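Everything below concerns the one structure shown next.
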Amino acid sequence: MRLPRSVRGAEVAGKTVLVRADLNVPLEDGRVADDTRIRAALPTLKLLLDQGATGVRVCSHLGRPKTEDDRAKYAMAPVAARLRELLPDARVQVLENTRFDPGETSNDERFARELAAGCDLYVDDAFGSAHRAHASTEAVAHVLPAYAGLLLLAELEHLGRLLGEVERPFVLVSGGAKVEDKLGVLSNLGGRADAVLIGGKMAEQLRVENPLKFEVELPVDVVGAAEFAPDADTGIFAYELLPDDWLGVDIGPETRTRFAQRINEARTIFWNGPMGVFEWTAFADGTKAVAEAVAANQDAFSVVGGADSVRALNELGLADQVSWVSTGGGASLELLESKELPGVAAIPSA
Ligand code: 3PG
Ligand code: MG
């Protein structure tokens with residue numbers, strides 16, 4: 001794998017540095033629900049401050065804002081507040097959500113120049129967004145001298161282990177909401193794994209239309225909810241017996257046992273995406289069961305990626321039981337596919 005040049009080699013004393021971090025954290029009631037990605041950005045920010053940078057401007061996207069109303073919902077203020085608590089230094093400034101400008105997702109040079117204005121160099125530490133060719137991850141790297149941050153490099157190093165020969169069985173567990181994004185990746189990736197376990201919305205989608213050319217294990221039973229609400233009436237159903245007007249919101253107990261068994265036998269594990277609507281306690285057990293199984297297998301090289309899976313792991317206090325907690329969801333999947341990530345490709349080589 002080609003490695004981008006490290007921020008450690010950059011001359012930053014007296015400079016103003018633009019840092020792209022992935023601060024796209026889960027929010028709940030306007031507060032940061034899991035600050036893993038913010039903490040993961042700290043080593044690079046501290047390095048820059050220690051090396052005498054005069055200004056550190058941190059930018060990130062947050063969520064997928066579409067409407068005007070989304071501006072309040074996805075403002076960076078709560079993220080900036082958490083970062084200030086963790087790193088109180090007046091030289092650090094958090095810019096507003098990059099996706100509030102349409103030029104971000106269209107990888108517009110005009111927006112890249114706006115971000116770069118007044119900065120001397122650019123450090124990309126947003127591994128979780130490296131699969132996006134956006135203005136703050138790609139275009140800007142051609143406007144300013146670009147370097148890779150410590151997190152980005154550490155992610156490439158650890159995930160790189162999954163790219164070569166891995167110990168088998170290699171078990172891939174996938175779920176979560178971004179079905180469209182992940183299906184394509186899974187089709188390319190699944191062939192490399194010995195077992196592919198799928199839960200969540202993705203499993204539903206695969207029953208409607210399955211473009212995958214390899215076998216996957218889908219839930220045999222589900223937790224059903226009479227409506228999409230945290231306090232809905234619930235019941236356990238064999239998948240085919242879920243009433244038509246009910247929703248499947250988590251994997252059922254039989255599926256948990258089967259998935260845990262597979263995970264237990266694995267020597268390499270990659271898990272991305274929750275098994276259900278785990279933010280709601282009544283529908284969290286499937287995701288918990290997967291988290292516990294991954295953490296319990298101490299013989300495997302285990303990688304957990306994606307903001308929600310990592311949040312689940314943290315809530316169970318299990319993050320230190322897995323080999324590598326990746327801040328990348330989609331990005332780690334695409335890296336596993338052996339794709340060159342645009343955010344990495346834009347940085348000159350080491
Ligand atoms: C993620 O959470 O996977 C990254 O922050 C990228 O977010 P996106 O899928 O909205 O581009
Ligand atoms: Mg996400």
Side-chain angles (χ1 to χ4, degrees), residues 19-28 32-41 44 58-67 70-71 73-76 78-80 82-83 94-108 111 124-140 149 151-152 155-156 159 173-186 189 200-202 270-274 278-279 287 303-314 324-337 339 341-346:
V19 177
R20 174 51 156 106
D22 188 330
L23 305 182
N24 181 28
V25 293
L27 297 173
E28 218 167 76
V32 173
D34 183 87
D35 64 3
T36 301
R37 281 178 163 176
I38 304 177
R39 289 177 182 277
T44 293
V58 188
C59 68
S60 175
H61 75 285
L62 181 60
R64 293 178 171 183
K66 291 185 184 72
T67 63
D70 285 347
R71 287 193 169 245
K73 192 168 160 202
Y74 294 120
M76 290 300 281
V79 176
R82 184 70 188 121
L83 179 59
V94 178
L95 306 185
E96 192 43 280
N97 190 342
T98 51
R99 286 191 185 166
F100 286 175
D101 191 306
E104 165 71 335
T105 50
S106 61
N107 199 16
D108 182 18
F111 183 50
D124 187 2
D125 211 17
F127 175 73
S129 309
H131 57 320
R132 305 290 179 218
H134 291 173
S136 68
T137 60
E138 210 281 337
V140 72
L151 173 66
L152 180 66
E155 292 271 17
L156 294 177
L159 288 164
V173 192
S174 194
K178 294 175 184 170
V179 180
E180 304 300 316
D181 290 19
K182 284 180 194 167
L183 266 186
V185 184
L186 262 188
L189 191 68
K201 228 184 187 178
M202 183 126 61
F270 181 81
W271 171 35
N272 164 267
F278 83 103
E279 309 87 302
T287 302
V303 178
V304 180
D308 293 319
S309 315
V310 171
R311 177 183 170 192
L313 213 51
N314 281 334
W324 179 248
V325 175
S326 174
T327 52
S332 49
L333 281 172
E334 289 200 22
L335 185 78
L336 280 193
E337 239 189 313
K339 273 198 181 159
L341 306 174
V344 177

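In this text the structure is predicted, and so the values were computed from the model without any measurement. First listed ligand is number 1; within each ligand, the first listed atom is number 1.
- Against a heavy-atom cut-off of under 4.0 Å, Asn24 is close to the following atoms of ligand 1: 1 (C), 2 (O), 4 (C), 5 (O), 7 (O).
- Listed by atom number, the atoms of ligand 1 under 4.0 Å from Arg99 heavy atoms are 8 (P), 10 (O), 11 (O).
- Annotation for ligand 1: atoms under 4.0 Å from non-hydrogen atoms of Asp22 are 4 (C), 5 (O).
- In this structure, Lys182 has no heavy atom closer than 4.0 Å to ligand 1.
- Close to ligand 1: Gly128, with a non-hydrogen atom less than 4.0 angstrom away.
- Checked against salt bridge (Lys or Arg N to Asp or Glu O under 4.0 Å), Asp125 has no partners two or more places apart in sequence or in another chain.
- With salt bridges taken as basic N to acidic carboxylate O contacts below 4.0 Å, none links Asp70 and Lys66.
- Remark: Arg132 pairs with Asp181 by the salt bridge (Lys or Arg N to Asp or Glu O under 4.0 Å) rule, at least two apart or across chains.
- Under a 4.0 Å N-O distance rule, the pair Glu104/Arg20 qualifies as a salt bridge.
- We find the CE-CG distance between Met76 and Leu95 to be 8.5 Å, quoted to the nearest 0.5 Å.
- Taking every non-hydrogen atom of Arg64 and a distance limit under 4.0 Å, the qualifying atoms of ligand 1 come out as 8 (P), 9 (O), 10 (O).
- Relative to the ring axis of Tyr74, Arg99 does not place its NZ or CZ within 45° and under 6.0 Å from the centre.
- Listed by number with element, the atoms of ligand 1 under 4.0 Å from a non-hydrogen atom of Arg132 are 8 (P), 9 (O), 11 (O).
- Using a non-hydrogen distance threshold of 4.0 Å, Arg37 registers as a contact of ligand 1.
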